[in-house]
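Working notes, structure below.
Just so you know, these numbers use all the heavy atoms, side chains as well, and skip hydrogens, waters and symmetry mates. Computed from a predicted structure; not experimentally measured.
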Number of protein chains: 2
Amino acid sequence: MAETLDATDWLILAELQHDGRVPLTELARRVNLGASATTERVKRLEAAGVITGYRATVDLDRLGYPVLAVVRLKHSGSRHEPFHRLLEERAEVLECLRTTGDDCYVLKVAATSMPHLERVVNALSFFGDTNTNLVYSQTLPFRGPREP
Amino acid sequence: MAETLDATDWLILAELQHDGRVPLTELARRVNLGASATTERVKRLEAAGVITGYRATVDLDRLGYPVLAVVRLKHSGSRHEPFHRLLEERAEVLECLRTTGDDCYVLKVAATSMPHLERVVNALSFFGDTNTNLVYSQTLPFRGPREP
DNA sequence: CTTGAAAGTACCCTTTC
DNA sequence: GAAAGGGTACTTTCAAG
């Protein structure tokens, strides 16, 4: 259910996606609005669930996770709860998409080394056939959607 | 190149990844540190490139992008610049991973409708064979890495 | 790393268009 | 209904210990 957003709302969203810590006064300046009007719009976007949160983004390399991989999993069997429990435990799984097609799940996995990645994939293999591809590089994490 | 991070640094990172807008005083309270010491650590993490930025996260549904898909692309030919130029232009491509294996690129694409997705995939198909899977659901965007 | 003071910022309320 | 202005509490920053 899409909200009714005007161009200013999209501007605010673009700014906040680019820099989630920008002070409201500075944000107001950038979107050519008063401080309180800007505050109200941001609060409205948060309350409406358009803005779901604010996160710091980190460099995996510098955190000691130089290995990134895309793992596709063809889950066998119909009981998916044990698999979901593994996802909760395994912080190495940064993201998990359930998709149509042969590969029911597409996972993004960060690991400290190849042996570490192997252990994670072994754990995943318990739930079905896996297909792993290492990631050479990725575009900057943020590519926000534009006004449709 | 991994930095030397102690347990407090990892605590700070966890808090900031969970709530990037938490006030420094509150953050200091949560990690049992003084405000200035916390500020210094955060600044150090930012300066070291461990923290790469702060982003607001948005709900694609509520922004009018109810369709999410994983597109795998087998790029044909060796000149990848035109493809990268398309990525710049197409804000619908939220993420693009270059990977090993048959499918050189794995993309996450948001679209306003199935016809819209079709147009994006058509544009991508110009560069090679594509394989598209719709996304049913995804885990909450944030799954941060833990202390190794 | 902690404490303390000053500047800046955010929040709430009222006023105005 | 939406935006601008003003007073108060809070946060951030910088100094010194």
**Asked** Should A:Arg30 and A:Leu11 count as side-chain neighbours, where that means a heavy-atom distance under 4.5 Å?
**Response** no
**Asked** With under 30° as parallel and over 60° as perpendicular, where do the rings of B:His80 and B:His75 fit, or are they tilted in between?
**Response** parallel
**Item:** Atom pair distance, as rounded to whole Å: CG in A:Asn32 and C1' in D:dA2
**Value:** 16 Å
**Asked** Can you list every salt bridge (Lys or Arg N to Asp or Glu O under 4.0 Å) pair that touches residues 127-148 of chain A, not counting sequence neighbours?
**Response** none
**Request:** Determine the contact category for A:Ala37: base if any of its heavy atoms lies under 4.0 Å from a base atom, sugar-phosphate if only primed atoms, P, OP1 or OP2 are that close, otherwise nothing.
**Result:** sugar-phosphate
**Message:** If I take atom CD in residue A:Glu40 and atom P in nucleotide C:dC11, what distance separates them, rounded to the nearest angstrom?
**Reply:** 13 Å
**Prompt:** Using a cut-off of 4.0 Å on non-hydrogen atoms, how would the nucleic acid contact of A:Arg44 be classed: base, sugar-phosphate, or nothing?
**Reply:** nothing
**Message:** Would you call the rings of B:Tyr105 and B:His84 parallel, tilted or perpendicular, taking 30° and 60° as the class edges?
**Reply:** perpendicular
**Request:** Give a yes or no on whether B:Glu26 atom CD has more than 12 heavy-atom contacts from other residues, nucleotides or ligands under 6.0 Å away.
**Result:** yes
**Prompt:** Does OP1 or OP2 of D:dA2 have a side-chain N or O of A:Arg41 closer than 4.0 Å?
**Reply:** no
**Request:** Would you kindly give the CG-to-P distance between A:Asp6 and D:dA3, to the nearest whole Å?
**Result:** 8 Å
**Prompt:** Can you tell me how far P of C:dA10 sits from CG of A:Leu16, to the nearest Å?
**Reply:** 11 Å
**Request:** Figure out the CZ/P separation between B:Arg29 and D:dC10, and round it to whole Å.
**Result:** 11 Å
Heteroatom pairs (N/O) under 3.5 angstrom, protein to nucleotides 12-16 of chain D:
residue, atom, partner, partner atom, Å
D:dT12, OP1, B:Leu24, N, 2.8
D:dT12, OP2, B:Leu24, N, 2.7
D:dT12, OP2, B:Thr25, N, 3.0
D:dC14, N4, B:Ser36, OG, 3.0

**Request:** Using whole Å, report how far CG of A:Leu33 lies from C1' of D:dA2.
**Result:** 10 Å
**Prompt:** Out of curiosity, does B:Leu117 fall in the hydrophobic cluster containing B:Phe126 (side-chain heavy atoms, cut-off under 4.5 Å, transitive links)?
**Reply:** yes
